[in-house]
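First comes the structure, then the notes that go with it.
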Amino acid sequence: MNRPALWPRAILLMDMDAFFASLEQRDNPDLQGEPVAITNGEQGTCIITCSYEARKYGIHTGMRLKEARRLCPELIRIPSRPRHYAAVSTAIMEALRDITPDMEVFSVDEAFLDITHCQRLHGTPEHIARMVKERVQAVSGLKCSVGVSGDKTTAKWAAQQNKPDGLLVVPPWEAAARLAGEPVTALSGIAGGIGRFLAEHGVQTCGDMQRLPISVLADHFGNLGRRIWLMAQGLDPAPVRLEVEPPKSMGHGKVMPPDTRDPQKLSTYLQHMAEKVASRLRRHDMQASLFFIGLKTRIGWLGGRYRTAAPTDDGAQIIRLCRTLLREEWHGQGVHQVQVTALDPVPRDYQGDLFSEGESPQQQINFLRDRINGRYGDFSVAPASLLNRSPAPDVIAPAWQPDGHRKTV
């Protein structure tokens with residue numbers, strides 16, 4: 001069979017290897033070769049990520065530090081530095097745009113590159129993959145793993161196969177055969193309820209999918225079901241998204257000391273998150289009127305959806321919703337996480353009332369606070385009640401982007 005000189009579609013996934021931990025080892029040579037775990041500050045009890053040396057002991061992301069130290073007493077805990085990680089990630093992503101502008105930043109340590117149109121310029125997909133690894137190493141001093149195929153799902157699967165410092169190229173015409181024996185749950189996005197549904201219909205491996213009519217998935221999951229059916233056969237039609245989509249929500253949450261019952265502490269944590277959401281709305285010229293306010297307890301979430309009278313970007317109004325939750329829904333249960341999320345962010349209406357006299361005094365105060373905090377650091381100017389806010393540093397949002405509304409920690 002004659003193979004095309006140029007792939008009709010070539011997608012590359014760049015995935016940094018243990019990014020945060022590797023960056024700490026790069027910056028501190030004494031940590032190189034050591035089992036390192038990153039937590040959210042000195043008080044963090046949950047591992048954000050860990051070095052490959054730590055993973056040899058069975059330590060993994062999401063594990064409690066106490067359990068990890070039982071597996072590896074020599075484990076070195078390092079407090080996270082989210083802004084430093086974001087700065088290095090931004091430099092990496094900017095360097096990759098020199099290879100192709102057709103790029104989707106998938107997270108702080110992953111990016112999809114559509115290299116279909118630069119094959120004549122740079123060479124074969126494998127050669128471009130090696131260029132990416134060299135560019136990442138040059139700009140950051142770190143290693144990454146790369147997967148290349150004809151679609152996003154297969155490329156992401158390929159990047160996971162030979163970590164760390166891996167490279168796997170799966171030509172599109174080989175993708176279905178390469179995936180056939182893999183569990184469908186090995187593919188990104190297929191887990192939980194989708195995985196159980198497929199298992200109930202006799203689909204355990206990607207190869208099993210060919211025996212399941214696409215209509216079964218389409219009837220149950222709609223367009224997502226059709227995509228899942230194609231994903232398992234190396235035919236994921238999803239494009240590399242070049243633009244950051246408008247936000248469907250904007251939220252911030254924070255883990256608390258386990259079983260917190262102090263109402264003042266709960267109020268402070270909620271106020272902290274409310275002000276962060278409000279500041280982020282203002283930064284991107286957006287407002288919202290529907291908010292999820294929640295307290296996570298041992299048996300689930302307390303709270304729900306709360307609405308302001310009109311769209312707002314003012315933290316004081318969001319805080320009033322938080323106090324409603326504490327007054328009406330919380331009855332002393334132990335809490336270990338808080339969450340404040342704007343559920344319906346929309347562009348701010350600058351026209352406003354035809355008879356208004358410009359921005360209100362509160363809006364002017366918020367504007368000045370934002371300017372000062374933008375120059376001197378978040379919460380340099382803040383309500384006095386936030387002086388006792390959590391000492392734990394902010395974390396990078398899972399959907400972080402180097403620009404747009406997801407550029408936040």
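This one's a predicted model, so the numbers in the text were calculated from it and none came from an experiment. In what follows, every heavy atom counts, from backbone to side chain, and hydrogens, waters and symmetry copies are set aside.
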ask   = How many angstroms lie between CD in Glu328 and NE2 in His331, if you round to the nearest 0.5 Å?
value = 9.0 Å

query = Do Phe291 and Tyr306 make the cut of ring centroids closer than 6.0 angstrom?
reply = no

query = Are more than 12 heavy atoms from other residues, nucleotides or ligands located less than 6.0 Å from atom CZ of Arg261?
reply = yes

task = Describe, in one word, how the ring planes of Phe106 and Phe112 are oriented to each other, choosing from parallel (under 30°), tilted (30 to 60°) and perpendicular (over 60°).
result = perpendicular

ask   = For the residue pair Phe197 and His220, does the interplanar ring angle fall in the parallel (under 30°), tilted (30 to 60°) or perpendicular (over 60°) class?
value = parallel

request  = Go through the steps to decide whether Thr116 and Asp114 satisfy the test side chain to side chain donor-acceptor pair (under 3.5 Å), and finish with yes or no.
outcome  = CA-CA 6 Å; Thr116 307; Asp114 188 335; 2.6 Å; yes

Side-chain touch Val170/Leu179, heavy atoms, less than 4.5 angstrom = no

inquiry  = Any salt bridge linking Arg69 with Glu74? Criterion: basic side-chain nitrogen under 4.0 Å from a carboxylate oxygen.
reply    = no

ask   = More than 12 non-hydrogen atoms from neighbouring residues, nucleotides or ligands closer than 6.0 Å to CZ on Arg26, yes or no?
value = yes

ask   = With the threshold set at 4.0 Å, does a side-chain nitrogen-carboxylate oxygen contact exist between Asp313 and Arg280?
value = no

ask   = Does some side-chain heavy atom of Leu113 sit less than 4.5 Å from a side-chain heavy atom of Arg97?
value = no

key: Sub-4.5 Å side-chain heavy-atom contact between Glu104 and Arg241   = yes

query = Are Asp165 and Lys163 ion-paired here, with the side-chain N under 4.0 Å from a carboxylate O?
reply = no

key: Basic-acidic side-chain contact under 4.0 Å: Glu200, Arg196   = no

inquiry  = Taking Arg9 first and then Asp151, would you say they form a salt bridge - that is, a charged N and a carboxylate O separated by under 4.0 Å?
reply    = no

Value rounded to 0.5 Å, distance of CG in Asp27 from CG in Asp30 = 12.5 Å

request  = Just do the side chain to side chain donor-acceptor pair (under 3.5 Å) check on Thr308 and Gln317 with the steps written out, would you?
outcome  = CA-CA 7 Å; Thr308 55; Gln317 294 192 45; 4.8 Å; no

